[in-house]
2 protein chains.
Amino acid sequence: MKRKSVTSRDVAKLAGVSQSAVSRSFSSDAKVAEKTRKKVMAAARELGYRPNSIARSLITRSSRTIAVVTYSLDNPFYAFMLEKASRFFQQQGYHLLLFFAPSDRGFDTVIDEIIRSQVEGVLLLAITLDNAQAEEVADFGIPVVIINRTVNYAGISQVGSDNFSGGYWAGQHLASLGHRRIAYLAGLPDSSTDHQRHAGFIEGLATMGAACHALEVGNYRYTDACDATRRLFAAKSPPDALFCANDVMAIAAMETMRHEFGLMVPNDVSVIGFDDVPMASWPSHSLTTLQQPVDQMIMKATELLMGQIHQTDTTPEHVTLPVTPKLRSSTQRLAR
Amino acid sequence: MKRKSVTSRDVAKLAGVSQSAVSRSFSSDAKVAEKTRKKVMAAARELGYRPNSIARSLITRSSRTIAVVTYSLDNPFYAFMLEKASRFFQQQGYHLLLFFAPSDRGFDTVIDEIIRSQVEGVLLLAITLDNAQAEEVADFGIPVVIINRTVNYAGISQVGSDNFSGGYWAGQHLASLGHRRIAYLAGLPDSSTDHQRHAGFIEGLATMGAACHALEVGNYRYTDACDATRRLFAAKSPPDALFCANDVMAIAAMETMRHEFGLMVPNDVSVIGFDDVPMASWPSHSLTTLQQPVDQMIMKATELLMGQIHQTDTTPEHVTLPVTPKLRSSTQRLAR
DNA sequence: ATGAAAGCGCTAACAT
DNA sequence: ATGTTAGCGCTTTCAT
């Protein structure tokens, strides 16, 4: 049975106190006699009263809400981050408003919704803002932290890992293993992570006098990566080593090579991924990869956001955390 | 630079109209002359005005917000569902408040937050409510839909798939393949899904005159499932077939059997999972499993929730959707 | 310590 | 079509 919303006024009447006494009884830093609070709580329980957070937010002008925006959850790396970050905010007494970036433009609508919602902070998972968008949000004084993308805007904090160095290590390592036809399986072509990993890779190869043998785009997605792999290995001169811009694609590539091309990893082809998702360490894949420090990234990002929310004088930071090569059995020295 | 919050009043002043004209200009079903709206919009743009959703919600008494509660995102099955459901609500103009069920009790706190937030509906992903909790929420007239768990409370809708039949098929199929030592790798011991899959399994085995050879608990989690598998195969009489209550555990079991016990799947052991997550169809795993109709489940659940939000006379439904056996290569007839 | 009163920023009658 | 008025349910001075 639907209760007609009970207000603090109703509770006050029943308890025989003023409405503000009720309000005080429900706030932690109360200047209320223990006796009145008891009375109020009893009345509240009887009526099934719950303070209306919306009314509270309106008057205190604080929503205690964080918006998290993400692109997709089918990369476990981001699902994990979302969970971690959410639990953190929840524990801090914040609510979490979740938005998915629409594929078909319309991202400005999301920004508008976020602003209207009076959120106190925005966390962007693998999403970036163009200058107009950044300015729009900044103009309202809403702190923003971006994870795993860069922005062209000084007012916004970002935390990511050292993609360039990761790519560099991958390139150098594969070349030093004696591979000659080293290919790149690219992520989203317009993402900063892809650019940086790619650039590092090229440079790492260069230190060994090598160059990128072939490149196909997998958009950081499993099925796209399967297709890209097919193109790569159907070529006249197929790769003998492959650096993939993330683990999901690396696993897709290994599956495709093994089961459609009858190739062995690492005997015929060495493979390196990026992220170190849990799956990467499963024995079937045992993927050599570059570990991103997820926990640190989340910690830093949430810390930054909280800092900017609480002290308005905090200056935005651009944090780059180190990646760690994880040597597993998807790479080996080229058999002569 | 932080703009001091601009209100509709400010816009009204600048546009030379009344405050309510501003309000009307920002509502779709407007009784406003095109000319006034133009003026208002111009002034709004100049000041950077955005309607405050909180104030709007307070007066309209509708938050246009749905709460989604989940336990964890490390099963891709639920990550996928969350994304699907979120996108749906977002597209319908609803906001999504995300909560993670705290492991250490404290779930009542989440319920309290949900009620205070004035959400219009609650979607529970693989989470159930005890009677007191169900009553609490129902008392406030908040529609609730539970996915993949059952409730002991008539006022709440639930949608799930036919776990019993799935288990039944698995038991019967494994027995009919000639296996004699068929074990069960259980999910969370107190979940309805586990009970039903288990019960169906036992019954399915029984039709073939077989019984469950061994049981270990994997809590629906990868690492727990690895441990459970070790226990299962370290036994004097290890299984020759295994039904796992979900795909994640089935994959964990296959990894462990293959790489720690040197067993072949399906030659030495047949394995069946449950869910049909994308990973299950990857060639390395090629897992025979019971496909849950995720899309239908989400569609039905969101439809039910929307129905209950919009017509208060909608009666709660308990929907059970059929599962589909997906025969892949993790099962085969026992070699004689 | 408590109550009265004044709004938070908006929508929705009600007049005009 | 537009303005005036009265709140939505709460927090927060300000007196007492």
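All heavy atoms count here, side chains included; hydrogens, waters and symmetry mates do not.
One atom, CZ of R116(A), and another, P of dT11(C), lie 9 Å apart when rounded to the nearest Å. One atom, CZ of R37(B), and another, C1' of dG3(D), lie 18 Å apart when rounded to the nearest Å. Protein atom CZ of R64(B) is 15 Å distant from nucleotide atom C1' of dT11(C), rounded to whole Å.
With hydrogens and angles ignored, the 3.5 Å screen pairs no side-chain donor or acceptor of S20(B) with any backbone N or O of S23(B).
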Exercise for the section: Go through R50(A) and E136(B) one step at a time and tell me if the salt bridge (Lys or Arg N to Asp or Glu O under 4.0 Å) criterion holds. Expected result: CA-CA 11 Å; R50(A) 305 290 172 116; E136(B) 191 177 356; 2.7 Å; yes

Practice task
Please assess K300(B) against E303(B) for the test salt bridge (Lys or Arg N to Asp or Glu O under 4.0 Å), listing each intermediate value before the final yes or no.
Solution key: CA-CA 5 Å; K300(B) 191 66 198 172; E303(B) 188 179 284; 3.3 Å; yes

Practice task
Run the numbers on M81(B) and V294(B) for side chain to side chain contact (heavy atoms under 4.5 Å, CB included), then give the verdict.
Solution key: CA-CA 7 Å; M81(B) 281 204 169; V294(B) 207; 3.6 Å; yes

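When side chains are defined from C-beta on, Y94(B) counts as touching I309(B), because their heavy atoms get closer than 4.5 Å. Taking 4.5 Å as the limit, every side-chain heavy atom of I66(A) sits out of range of all side-chain heavy atoms of H95(A).
S57(A) comes within contact range of no nucleotide atom at all, as no heavy-atom separation falls under 4.0 Å.
When the local axes at the two ends of the helix from dA1(C)-dT16(D) to dT16(C)-dA1(D) are compared, using 5 base pairs at each end, they differ in direction by 30° after rounding to 10°.
Side chain to side chain, D130(A) and Y153(A) fail the donor-acceptor criterion of an N or O pair below 3.5 Å. Side-chain contact of S57(A) with Q118(A): a donor-acceptor pair under 3.5 Å is absent, judged by distance alone.
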Fill in the blank from the handout: Readout for nucleotides 8-16 of chain D: B = base within 4.0 Å of protein heavy atom, S = sugar-phosphate only, - = neither; 5' to 3' it is BBBBBB---

